[in-house]
Amino acid sequence: MATARDIIAPSRNTGTVSYSLSVSPTTTFHSPPSKSFMAGAIPHRVVPKQLKPFNTEDIKILLLENVNQTGRDVLTAQGYQVEFLKTSLPEGQLIEKIRDAHVIGIRSKTKLTDKVLREAKNLLVIGCFCIGTNQVDLDYAAKHGIAVFNSPFANSRSVAELVIAEIIALARQLGDRSNELHRGIWNKVSAKCWEIRGKTLGIVGYGHIGSQLSVLAEAMGMSVIYYDILTLMAMGSAKQVPNLDALLQDADFVTLHVPETPETKDMISTKQFEKMKTGSYLINASRGTVVDIPALIEAMRSGKVAGAALDVYPNEPAANGNYFNSQLNQWGEELTSLSNIILTPHIGGSTEEAQRAIGVEVSDALVRYINQGITLGSVNLPEVTMRSITLDEPNHARVIYIHRNVPGVLRKVNEILAEHNVDKQISDSKGDTAYLMADISDVKTDDIKKIHDSLDSLPSRIVTRVLY
Ligand SMILES: NC(=O)c1ccc[n+]([C@@H]2O[C@H](COP(=O)([O-])OP(=O)(O)OC[C@H]3O[C@@H](n4cnc5c(N)ncnc54)[C@H](O)[C@@H]3O)[C@@H](O)[C@H]2O)c1
Ligand SMILES: O=C(O)CC[C@@H](O)C(=O)O
């Protein structure tokens with residue numbers, strides 16, 4: 001028989017399922033990453049109660065792409081079932097595996113398209129253990145009540161440092177000299193090798209990475225100009241330029257730090273190479289679609305571009321191995337045959353520091369969402385938080401109602417909640433999707449089920465969860 005500590009949890013396709021809450025394998029509350037978050041959300045010395053939507057061992061998590069051990073530790077400490085794979089999965093296998101999962105954790109390679117997500121009937125939340133979220137159909141996810149979290153800046157410094165290394169390496173043709181010596185060839189040259197002091201760095205996209213890079217580049221004596229669609233405060237003595245052409249004509253080094261969007265596709269192509277200074281350099285550690293690679297090959301062959309560093313490609317392999325060839329990208333062999341081009345396998349954010357920090361940050365966000373419904377930091381749902389239900393508030397329940405953003409829903413929800421004491425309630429919307437959270441006191445098991453079923457039967461419903 002159900003007890004007052006039972007949980008009513010949603011099943012996306014079958015409606016209500018009841019789970020008995022066993023003693024949690026851990027009583028530890030995972031602290032959110034920053035103190036300021038804790039200070040805002042939890043009053044001093046009040047112990048938050050750990051809400052659970054399921055028996056913790058019922059939560060199935062699929063982690064792909066070698067998510068860092070720190071992240072796995074946070075999730076397994078909660079008692080969730082965690083399946084861990086080192087690689088991404090091809091679409092067919094992904095669809096098979098995602099059917100069971102309540103949570104999926106990925107990095108940049110796993111494509112969560114609408115076709116894949118349509119099969120993910122139990123999926124509550126997606127964790128992107130990286131910055132980019134272009135690999136996920138965010139709109140489909142939001143419309144189906146699937147929250148998406150990422151780590152917006154934990155690897156920014158790592159990318160900025162890699163780019164600094166590449167600027168010097170290109171200016172000094174380090175890759176070529178090193179490759180030659182590996183083949184036994186001594187080739188001591190200074191022609192067309194430069195200091196970077198006094199040169200101009202043009203940063204396209206002055207966000208987390210671009211602005212970090214700006215500071216590092218100035219510290220090494222470079223002048224920095226940047227172009228961004230937003231007007232942004234300059235770091236140090238950097239100067240914003242009004243458009244991309246202005247940047248291209250003045251920069252000795254052009255480095256790209258924009259997201260993958262329809263506007264940034266082939267942002268650097270033949271016309272842009274023509275505008276660049278003869279003998280300048282291009283660096284792309286953003287996304288592979290931003291540079292038209294055949295146009296780059298042409299610009300390098302003609303001598304317009306003296307060197308390039310690419311960390312990202314339109315098609316990237318799902319796993320490590322001998323895959324970077326013309327079958328993957330048709331220009332593969334032409335690219336690898338060029339001089340003074342540094343090709344790296346999407347390692348901009350691949351440092352121990354970044355991956356450890358990302359592991360903790362994203363896993364903490366997943367735990368907060370699963371256990372408490374908090375959407376702070378979500379990239380596709382409205383950000384909603386409320387102070388935690390505490391241990392001295394027994395028989396409280398948290399109602400989460402993700403619904404279509406249409407008129408009249410709050411009236412209906414409040415009619416359902418009206419018989420109860422709503423301690424606190426918050427609602428927000430983003431596009432077509434709205435998120436309501438309400439804490440109710442003095443509820444009994446029957447009440448919880450009734451509330452859940454009533455909300456779940458409203459036509460506006462996307463997902464209903466009641467956490468207790
Ligand atoms: N190589 C790697 O391993 C690696 C690691 C982290 C991030 N990235 C990539 O780098 C990108 C940038 O990361 P970030 O953290 O600095 O992102 P960010 O969101 O902080 O900054 C991106 C900036 O680009 C600007 N922008 C957007 N569209 C633009 C356009 N059409 N023209 C000019 N500016 C435009 C934005 O206004 C913003 O200021 C990410 O989207 C991700 O794809 C790659
Ligand atoms: O670790 C990855 O796979 C992605 C790294 C980077 O492109 C990001 O978006 O953070």
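Just so it is clear, the values below take in all heavy atoms, side chains as well, and ignore hydrogens, waters and symmetry mates. Atoms within a ligand are numbered from 1 in the order they appear, just like the ligands themselves.
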Residue, atom and distance of the protein heavy atom nearest atom 11 (C) of ligand 1 read Val258 O, 3.6 Å
Are any side-chain N or O atoms of Lys199 and backbone N or O atoms of Ser223, one a donor and one an acceptor, separated by less than 3.5 Å?
no
for atom 5 (C) of ligand 2, nearest protein heavy atom and its distance come out as His346 NE2, 3.7 Å
- Give the C-alpha distance, both sets of side-chain angles, the deciding distance and a yes or no for side-chain hydrogen bond (donor to acceptor under 3.5 Å, both in side chains) between Asp245 and Gln249. CA-CA 6 Å; Asp245 286 356; Gln249 72 194 23; over 6 Å; no
Cation-aromatic face contact Arg404/Tyr435, 6.0 Å, 45 degrees | no
Original post:
Has ligand 2 got any nitrogen or oxygen that is less than 3.5 angstrom from a nitrogen or oxygen of Arg107?
Top reply: yes
Rounding to 0.5 Å, atoms NE2 (His257) and CG (Leu213) come to a distance of 5.0 Å
Between Phe129 and Gly359 the two heavy atoms that sit nearest each other are CE2-O, 3.7 Å
For Gly205, the ligand 1 atoms with a heavy-atom partner under 4.0 Å come out as 23 (C), 24 (O)
If I apply the N/O under 3.5 Å rule, does Asp311 come out as touching ligand 1? yes
Lys109 N/O to ligand 2 N/O under 3.5 Å: no
min-distance protein heavy atom vs atom 21 (O) of ligand 1 -> Gly207 CA, 3.2 Å
The closest protein heavy-atom partner of atom 42 (C) of ligand 1 is Arg287 NH1, 3.8 Å
To the nearest 0.5 Å, atom OG1 of Thr289 lies from atom CG of Asn134 at 7.0 Å
The closest protein heavy-atom partner of atom 22 (C) of ligand 1 is His257 O, 3.5 Å
| query | With no hydrogens and no angle check, do the side chains of Glu65 and Thr110 hold a donor and an acceptor under 3.5 Å apart? | reply | yes
- request: Kindly indicate whether atom 17 (O) of ligand 1 is approached by any protein heavy atom to under 4.0 angstrom.
  value: no
Residue, atom and distance of the protein heavy atom nearest atom 25 (C) of ligand 1 read Asp228 OD2, 3.2 Å
Any heavy atom of Asn155 under 4.0 Å from ligand 1? The part involved is side chain
Check your understanding: Stepwise, does the side-chain hydrogen bond (donor to acceptor under 3.5 Å, both in side chains) test hold for Asp250 with Thr200?
Key -> CA-CA 7 Å; Asp250 278 351; Thr200 299; over 6 Å; no
Any salt bridge between Asp364 and Arg368, counting N to O under 4.0 Å?
no
**Prompt:** Using 30° and 60° as the class limits, which term best fits the ring planes of Tyr313 and Trp331: parallel, tilted or perpendicular?
**Reply:** tilted
If we number the atoms of ligand 1 from 1 as shown, the ones under 4.0 Å from a heavy atom of Val159 are 4 (C), 5 (C), 6 (C)
dist Glu91:CD -> Lys115:NZ (nearest 0.5 Å) comes out at 4.0 Å
Atom 41 (O) of ligand 1: closest protein heavy atom, distance to 0.1 Å, is Pro259 CA, 3.3 Å
So, Lys430 side chain and Val379 main chain: donor-acceptor pair closer than 3.5 Å or not?
yes
Does any N or O of ligand 1 fall below 3.5 Å from an N or O anywhere on Ile347, backbone included? no
Judged by heavy atoms only, the candidate from Thr344, Ile229, Leu230 nearest atom 35 (C) of ligand 1 is Ile229
Honestly, for Val312 the part within reach of ligand 2 (heavy atoms, under 4.0 Å) is neither
Checklist entry - Regarding Arg72 and the six-membered ring of Phe84, is the cationic atom NZ or CZ under 6.0 Å from the ring centre and inside 45° of its axis? => result yes
Subject >> Side-chain ion pair, Glu353 and Arg356, N-O less than 4.0 Å >> reply: no
Report yes if some heavy atom in the side chain of Leu64 is under 4.5 Å from a heavy atom in the side chain of Thr87; otherwise report no.
no
Of Gly349, Cys130, Ser108, the residue with the heavy atom nearest atom 3 (O) of ligand 2 is Ser108
Hey, is ligand 2 close enough to Phe129 that some N/O pair sits below 3.5 Å?
no
Of all protein heavy atoms, the one nearest atom 9 (C) of ligand 1 is Ser286 O, 3.5 Å
- request: Could you say whether the N/O atoms of Gly349 and ligand 1 ever approach to under 3.5 Å?
  value: yes
Atoms of ligand 1 under 4.0 Å from any heavy atom of Leu232, numbered from 1 in the order shown, are 39 (O)
For Gln135 and Ile106 the tightest heavy-atom approach is CG-CD1, 3.8 Å
Can you confirm, on distance only, whether ligand 2 has an N/O atom lying under 3.5 Å from any N/O atom belonging to Asn155?
yes
Under 4.0 Å between heavy atoms, the region of Asn134 that gets near ligand 1 turns out to be neither
Within the 4.0 Å heavy-atom cut-off, what Ile131 brings close to ligand 1 is side chain
Ligand 1 atoms nearer than 4.0 angstrom to some heavy atom of His346 are 1 (N), 2 (C), 3 (O)
So for Thr264 against ligand 1, with non-hydrogen atoms under 4.0 Å, the contacting part is side chain
Separation between OG (Ser388) and CZ (Arg398), nearest 0.5 Å, reads 6.0 Å
Ranking Thr231, Ile209, Leu256 by closest non-hydrogen atom to atom 10 (O) of ligand 1, top hit is Ile209
Do Val305 and Phe273 come within less than 4.5 Å of each other through their side chains, counting heavy atoms only? yes
Are any of the N/O atoms in His208 less than 3.5 Å from those in ligand 1? yes
Ligand 2 atoms nearer than 4.0 angstrom to some heavy atom of Gly132 are 8 (C), 9 (O), 10 (O)
Nearest non-hydrogen protein atom to atom 44 (C) of ligand 1, with distance, is Ala285 O, 3.1 Å
Problem - Non-hydrogen atom of Phe153 closer than 4.0 Å to ligand 1 - result: no
At under 4.0 Å between heavy atoms, what of Met267 touches ligand 1? The answer is side chain
Close side-chain approach of Leu436 to Val409, heavy-atom, < 4.5 Å: no
Ligand 2 atoms nearer than 4.0 angstrom to some heavy atom of Ile131 are 8 (C), 9 (O), 10 (O)
